[in-house]
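Keep in mind that the numbers below use all heavy atoms, side chains included, and drop hydrogens, waters and symmetry copies. We name chains A, B, ... by the order of the sequence lines, and we start the count at 1 in each one.
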Amino acid sequence: MCISGLDRMNWYTKCFPATQSGAREGVVGVVSELAHEGLEREALGTVEIVLAEVINNIVEHAYSKKESGSVQVHYCLTQEALRVRVLDEGDALPNEKLPQGVLPSLDVAQEDLPEGGFGWSLIRALASDVRYNREAGQNRLALRFDL
Amino acid sequence: MTLSTSQANDTQIVTVNAERIDASMAIQFKEQMRLETNGGNGRVILDLSNVDFIDSSGLGAIVASMKQLESTRQLDLAGLTPNVDKVFRLTRMDTVFQLYETLNDALSATAN
């Protein structure tokens, strides 16, 4: 929950299926609403990258062994920060912990260059704060973007 | 999503006619790149000036496209928009690819 202050705190919600196309529409939809609320261009880009990475992870990993489910994104924009909560009912993160987000090494031969494994590093580099917990079979990721 | 190709002397210019290269199209991108570049030789410039957004899957597809080329061919990137540039810098992939602000800059530079 947002800590109450002088700003009016309105949480908005978007819910969409945990599929590749659902994820794309969901991310684009949230970003478009944030643009409408006046979030400036560079912050919009940052948020879009992070949301895409978080939600791709949910689609590919959290729901990989289950029938697909849905993703809920709750967000609250104030002058000082954007707060986002992403919830899903998929499998827990390994050991129920946030990955460190170490970038794969690029100091390799061209044919061995990595094609993945960048997601958590991008999330951690771009969000001001990231927290995870699991409760009642639900994954909850809390992100804050200081503005 | 489509790719279009043109030739400038020994250089093949592949233009991405899509606004996003993300998880939902990474595989198609890689496959279409393979079709566009297969059997050619010489330098390839990927013109990304229409692309507003890539995620790590899109980045991975671009890396895969480079790996698909014969080792004698170089893949350079041109026209990266701010969000795309951000992803390359944060993942340090700007040390792996030559990045040019515009297609003209890329064409003016001689291949290494």
Side-chain angles (χ1 to χ4, degrees), chain A residues 16-28 30-32 35 40-61 63-64 71 99 101-127, chain B residues 1 18-31 33-34 37 43-44 48 51-77 80-99 111-112:
Chain A
F16 46 90
T19 60
Q20 279 182 349
S21 53
R24 175 199 267 224
E25 277 174 37
V27 171
V28 168
V30 171
V31 170
S32 150
E40 53 86 20
R41 207 153 174 234
E42 166 132 21
L44 282 171
T46 293
V47 172
E48 186 164 11
I49 294 167
V50 173
L51 282 183
E53 297 301 331
V54 166
I55 292 163
N56 286 344
N57 281 341
I58 294 171
V59 171
E60 282 167 51
H61 302 295
Y63 285 118
S64 65
V71 180
V102 176
L103 272 177
S105 173
L106 303 183
D107 194 17
V108 297
Q110 184 170 295
E111 65 261 22
D112 298 324
L113 280 168
E115 294 172 33
F118 313 110
W120 281 104
S121 172
L122 285 168
I123 294 163
R124 283 186 176 280
L126 291 171
Chain B
M1 180 207 62
E19 288 177 359
R20 306 170 75 80
I21 311 174
D22 61 14
S24 66
M25 40 198 298
I27 296 173
Q28 294 104 291
F29 176 84
K30 181 182 165 184
E31 185 51 29
M33 275 295 285
R34 195 183 63 76
T37 57
R43 183 184 178 215
V44 179
L48 294 169
V51 181
D52 288 329
F53 179 81
I54 63 167
D55 59 15
S56 60
S57 306
L59 175 66
I62 293 172
V63 174
S65 301
M66 176 176 69
K67 288 158 77 176
Q68 280 171 164
L69 292 174
E70 291 80 358
S71 55
T72 50
R73 303 183 74 186
Q74 181 167 322
L75 177 66
D76 293 341
L77 310 180
L80 276 73
T81 56
N83 280 343
V84 176
D85 188 71
K86 196 182 286 193
V87 170
F88 273 83
R89 277 185 295 105
L90 287 171
T91 57
R92 304 178 57 73
M93 282 292 182
D94 58 333
T95 64
V96 166
F97 291 92
Q98 293 276 20
L99 305 181
N112 287 330

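Contacts between A:T46 and chain B at a heavy-atom distance below 4.5 Å involve backbone atoms as well as side-chain atoms. A:L44 does not touch chain B: none of its heavy atoms, backbone or side chain, sits under 4.5 Å away. B:S71 does not touch chain A: none of its heavy atoms, backbone or side chain, sits under 4.5 Å away. Contact of A:V59 with chain B is not made at all, since no heavy-atom distance falls under 4.5 Å. With a 4.5 angstrom heavy-atom cutoff, B:L90 touches chain A via backbone and side-chain atoms both.
B:E70 CD: more than 12 foreign heavy atoms inside a 6.0 Å radius. No more than 12 heavy atoms of other residues, nucleotides or ligands lie within 6.0 Å of CZ in B:R92, so this atom counts as exposed by the packing criterion.
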Would you give me the side-chain donor-acceptor pairs under 3.5 Å for residues 108-120 of chain A, sequence neighbours excluded?
from   : atom 1 : to    : atom 2 : distance (Å)
A:E115 : OE2    : B:K67 : NZ     : 2.8

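Looking only at heavy-atom pairs under 4.5 Å with chain A, the residue among B:S57, B:A61, B:P82, B:A64 that has the most is B:A64.
In this structure, A:E53 and A:L122 approach most closely via the heavy-atom pair OE2-CD1, 3.8 Å.
Considering only residues two or more places apart in sequence or on other chains, A:S121 meets the side chain to side chain contact (heavy atoms under 4.5 Å, CB included) condition with A:L103.
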